[in-house]
Amino acid sequence: MQPEKFEAIVVGAGPAGTSAAYLLAKAGLKVALIERGDFPGAKNVMGGILYTRPTEEVIPGFAREAPLERPIVEQNGWLLTADAAVKAGYRSAAFGQEPCNAYSVLRARFDNWFAQQAVEAGALLIPGTLVEEVIRRDGKVAGVRTGREQGELLADVVIAADGVNSILARDAGLHEEWMEDQVAIVVKEIVALPAETIEERFNLEPGQGASIEFYGDATAGMLGTGFIYTNTDSLSVGCGALLSELVRTLTTPYDLLERLKNHPMVRPLLAGGEEREYMAHLIPEGGQRAVPRLFTDGMLVVGDAAQFCNGLHREGSNFAMVSGKFAAETVIEAKAKGDFSARALSGYAERVKDSFIMKDLRKYRDASRYFERHPAFFGVYPEIASAAAREFLTVDGVPKRRKQWKILRDVHRRRSLWTIARELLGALRVVK
Ligand SMILES: Cc1cc2nc3c(=O)[nH]c(=O)nc-3n(C[C@H](O)[C@H](O)[C@H](O)COP(=O)(O)OP(=O)(O)OC[C@H]3O[C@@H](n4cnc5c(N)ncnc54)[C@H](O)[C@@H]3O)c2cc1C
């Protein structure tokens with residue numbers, strides 16, 4: 001029997017793949033969306049903050065129907081030491097008004113809903129099916145082989161949206177295994193709490209949400225972050241670090257998460273919560289230098305599979321959706337020309353290059369390496385900031401000017417002012 005032929009096969013029903021499949025189906029193409037999970041989202045992990053504008057670009061008006069948790073009206077960054085937190089945050093009423101800037105989501109619900117929109121647009125969803133390799137014919141990618149019996153499917157073009165561990169991109173020769181400093185391991189737990197308790201603890205109006213990102217002691221001084229995001233009646237709590245850092249320090253991500261949950265500044269936020277789910281996942285952290293070749297004859301790579309992620313700003317779903325959209329637009333053009341060669345698909349890389357995706361990855365291309373080489377930002381500097389704040393805010397009859405001089409002397413004793421100036425300038429250079 002001849003394998004079934006599609007105009008496009010999309011592998012992976014995460015935000016990247018479903019965006020591509022949805023737009024291709026809407027444009028009238030015969031498209032299959034293959035997902036290894038029993039349903040889209042079953043295996044997917046994200047903090048997760050979903051950004052409104054990039055999602056609107058793919059599926060306008062989604063917020064009226066999608067299963068969203070809370071609009072994020074407040075974002076915080078906490079620099080932790082063993083027993084203190086130096087806090088910065090921003091809250092805006094505008095973030096709580098339609099169209100809200102971002103929402104917390106639970107991927108098992110959101111991805112399932114999103115894939116359903118692709119099905120309603122005409123895509124054939126094939127869940128519970130692992131794609132094992134690409135099929136090549138006449139030197140070009142011509143389909144995929146799945147783990148099912150007679151599991152070959154053919155297509156004019158295959159879109160690899162199979163996430164950070166992309167089997168397809170590797171099989172097509174577009175990249176090798178990632179190195180230990182090109183991925184972070186993050187673990188996440190969902191902790192159930194009543195909605196009113198969440199609103200009280202995070203100082204929120206009913207239905208509103210907040211996020212906290214943790215640095216410093218949160219990752220035991222390693223390059224990484226922790227987070228808490230508020231869902232409707234649960235908190236997403238997570239923590240992770242570069243794989244190379246975890247290997248170097250022989251730390252497990254589970255240990256890091258336990259450490260964060262038991263931190264004296266964090267514990268009260270979780271008190272009385274019931275642990276519901278525990279999951280672990282990789283995040284691409286290689287930045288611009290790790291981005292593989294994005295296309296070959298008959299195939300495109302999108303989302304995490306292409307290392308499209310900005311860990312510094314906790315953005316990945318937006319890169320995934322917009323790259324999925326660019327892939328769909330490129331395939332629609334290729335179909336009009338009847339040409340799915342690498343040359344015809346190269347417009348995808350041009351679109352990515354001209355967008356925020358490549359511009360942001362280029363902007364931060366040296367950041368990860370710089371901070372990995374300067375662990376002071378995750379250890380000594382949080383301690384210096386905390387000691388300075390404690391000294392300045394302690395009311396003990398010492399005049400404020402004398403306190404300022406004392407703080408300066410104490411800082412200098414811990415790390416020379418020259419080193420601090422050099423490291424801060426270096427940090428500014430890699431994030432400017
Ligand atoms: C803990 C954590 C927190 C994060 N927090 C945020 C956040 O708050 N905001 C944000 O924007 N980003 C966040 N990210 C990043 C974000 O989750 C990713 O960038 C985004 O999910 C990438 O989408 P994707 O579709 O490319 O890949 P994925 O979401 O990983 O989807 C890949 C899909 O392909 C399927 N698949 C894989 N291999 C195969 C195969 N061989 N055959 C068939 N199906 C396959 C998988 O089951 C999955 O459904 C976070 C990531 C993690 C791990």
Side-chain angles (χ1 to χ4, degrees), residues 9-21 32-52 54-55 69 72 75 102-108 110-112 114-115 125-134 144-148 151 153 158-171 183-190 211 213 224-229 231 236-241 253 257 278-285 301-311 313-324 327 357:
I9 290 176
V10 181
V11 180
T18 300
S19 294
L33 175 59
I34 309 179
E35 169 55 45
R36 68 178 169 177
D38 290 339
F39 61 91
K43 287 181 179 267
N44 292 348
V45 185
M46 185 163 105
I49 307 294
L50 183 81
Y51 301 96
T52 302
T55 312
E69 297 294 309
I72 301 299
Q75 304 198 32
Y103 294 88
S104 52
V105 293
L106 294 168
R107 289 280 300 272
F110 179 80
D111 286 13
N112 205 10
F114 192 21
L125 174 66
I126 310 176
T129 303
L130 181 77
V131 172
E132 294 178 341
E133 56 185 6
V134 296
V144 296
R145 192 163 290 114
T146 71
R148 291 180 178 234
L153 296 171
V158 172
I159 298 179
D162 49 342
V164 58
N165 259 332
S166 178
I167 296 175
L168 289 200
R170 280 202 305 275
D171 191 38
V183 285
I185 302 189
V186 186
V187 288
K188 171 185 157 177
E189 223 171 68
I190 296 181
S211 69
E213 249 80 33
T225 54
F227 60 83
I228 293 186
Y229 304 142
N231 304 313
S236 291
V237 188
C239 200
L257 183 59
Y278 178 82
M279 43 205 129
H281 207 275
L282 293 178
I283 297 187
E285 291 276 353
V301 189
V302 295
D304 274 11
Q307 280 268 351
F308 293 157
C309 198
N310 180 349
H313 287 268
R314 176 251 276 133
E315 292 180 25
S317 61
N318 51 334
F319 284 61
M321 286 189 172
V322 173
S323 63
I357 298 179

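Bear in mind that the values here come from a model prediction, so they are computed numbers and not experimental data. First listed ligand is number 1; within each ligand, the first listed atom is number 1.
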Worksheet item: So do M46 and S317 actually touch side chain to side chain, heavy atoms under 4.5 Å?
Response: yes
Fill in: Exam field: side chain E35 to backbone A13, donor-acceptor pair closer than 3.5 Å
yes
Response to the item:
For T129, the ligand 1 atoms with a heavy-atom partner under 4.0 Å come out as 42 (N), 43 (C)
Worksheet item: For the atom pair OG1 (T18) and CZ (F114), what is the distance rounded to the nearest 0.5 Å?
Response: 6.0 Å
Worksheet entry | Which segment of S317 sits under 4.0 Å of ligand 1 when only heavy atoms are counted | both
Practice prompt. Run the numbers for me: atoms of ligand 1, each under 4.0 Å from some heavy atom of A16, listed by number.
Written response: 24 (P), 25 (O), 26 (O)
Practice prompt. Please work out whether any backbone atom (N, CA, C, O) or any side-chain heavy atom from C-beta onward of I167 is under 4.0 Å from ligand 1, and answer side chain, backbone, both or neither.
Written response: side chain
Worksheet item: Would you say the side chain of D162 lies within less than 4.5 Å of the side chain of R36, judging by non-hydrogen atoms?
Response: no
Item to complete: Decide, yes or no, whether a salt bridge links R145 with E133 under the criterion of side-chain N to carboxylate O below 4.0 Å.
Response: yes
Discussion item. Under a 3.5 Å cutoff, is there a donor and acceptor pairing between the side chains of E213 and Y229?
Written reply: yes
Worksheet entry | Min heavy-atom dist G238 to ligand 1 below 4.0 Å | no
Worksheet entry | Pair T129-R148, side chain to side chain contact (heavy atoms under 4.5 Å, CB included): steps then yes or no | CA-CA 7 Å; T129 303; R148 291 180 178 234; 2.7 Å; yes
Worksheet entry | Spatial distance of atom CD1 (I167) from atom CG (L130) [nearest 0.5 Å] | 5.0 Å
Discussion item. Regarding ligand 1, does G303 bring an N or O atom to under 3.5 Å of one of the ligand's N or O atoms?
Written reply: no
Worksheet, complete the sentence: Residue, atom and distance of the protein heavy atom nearest atom 37 (C) of ligand 1 read D162 O, 3.2 Å
Fill in: Beyond-backbone contact of R107 with V45, side-chain heavy atoms, under 4.5 angstrom
no
Worksheet, complete the sentence: Near V11 (heavy-atom distance under 4.0 Å), the atoms of ligand 1 are 42 (N), 43 (C)
Discussion item. Checking a contact table here: which protein heavy atom is nearest atom 30 (O) of ligand 1, and how many Å away?
Written reply: G163 CA, 3.8 Å
Worksheet item: So how far is it from C309 SG to N318 CG, rounded to the nearest 0.5 Å?
Response: 8.5 Å
Practice prompt. With rounding to the nearest 0.5 Å, note down the distance linking OG in S236 to CZ in F227.
Written response: 6.5 Å
Worksheet item: How many angstroms lie between atom OG of S104 and atom CD1 of I228, to the nearest 0.5 angstrom?
Response: 13.0 Å
Discussion item. Filter on side chain to side chain donor-acceptor pair (under 3.5 Å), then keep only pairs touching residues 38-52, sequence neighbours left out; what's left?
Written reply: N44-D111, Y51-R314
Discussion item. Any nitrogen or oxygen of K43, side chain or backbone, less than 3.5 Å from one on ligand 1?
Written reply: no
Worksheet item: Considering only heavy atoms from C-beta outward, does the side chain of V237 approach that of K188 to under 4.5 Å?
Response: no
Discussion item. So I34 and V144, do their side chains get closer than 4.5 Å, heavy atoms only?
Written reply: yes
Worksheet entry | Whether Y229 lies under 4.0 Å from ligand 1, heavy atom | yes
Practice prompt. Indicate yes or no: does an N/O atom of D304 lie under 3.5 Å from an N/O atom of ligand 1?
Written response: yes
Response to the item:
Heavy-atom proximity to atom 32 (C) of ligand 1 ranks first, among G48, G37, A161, for A161
Fill in: V186 and P253, any side-chain heavy atoms less than 4.5 Å apart
no
Worksheet item: atom 42 (N) of ligand 1: which protein heavy atom is closest, and how many Å away?
Response: V131 N, 3.0 Å
Item to complete: Write out the residue and atom name of the closest protein heavy atom to atom 44 (N) of ligand 1, then the distance separating them to 0.1 Å.
Response: R36 N, 3.1 Å
Fill in: Sub-4.0 Å heavy-atom approach of F319 to ligand 1
no
Fill in: ligand 1 versus N44: contacting region, heavy-atom distance under 4.0 Å
side chain
Worksheet entry | Subset of ligand 1 atoms that lie under 4.0 Å from at least one heavy atom of V45 | 1 (C), 17 (O), 51 (C), 52 (C), 53 (C)
Worksheet entry | Contact check, E132 vs ligand 1, heavy-atom distance below 4.0 Å | no
Practice prompt. Look at atom 1 (C) of ligand 1 and say which protein heavy atom is nearest, naming residue and atom and giving the distance to 0.1 Å.
Written response: V186 CG1, 3.3 Å
Fill in: Close side-chain approach of N310 to F319, heavy-atom, < 4.5 Å
yes
Worksheet entry | Location of contacts on P40 toward ligand 1, heavy atoms closer than 4.0 Å | neither
Discussion item. Tell me the protein heavy atom at minimum distance from atom 13 (C) of ligand 1, and give that distance in Å.
Written reply: M46 CG, 3.4 Å
Worksheet item: Considering only heavy atoms, does N165 approach ligand 1 within less than 4.0 Å through its side chain, its backbone, both, or neither?
Response: neither
Discussion item. Under 3.5 Å between any N/O of I283 and any N/O of ligand 1: does that happen in this structure?
Written reply: no
Practice prompt. Considering heavy atoms of the protein only, find what lies nearest to atom 4 (C) of ligand 1 and give residue, atom and distance to 0.1 Å.
Written response: G47 N, 3.0 Å
Worksheet item: So, does K188 sit close enough to ligand 1 that a heavy atom of it is under 4.0 Å from the ligand?
Response: no
Discussion item. Give me the nearest non-hydrogen protein atom to atom 8 (O) of ligand 1 as residue plus atom name, then the distance to 0.1 Å.
Written reply: I49 N, 2.7 Å
Discussion item. Is T18 close enough to touch ligand 1? Criterion: a residue heavy atom under 4.0 Å from a ligand atom.
Written reply: no
Fill in: Short N or O distance, E315 and ligand 1, threshold 3.5 Å exclusive
no
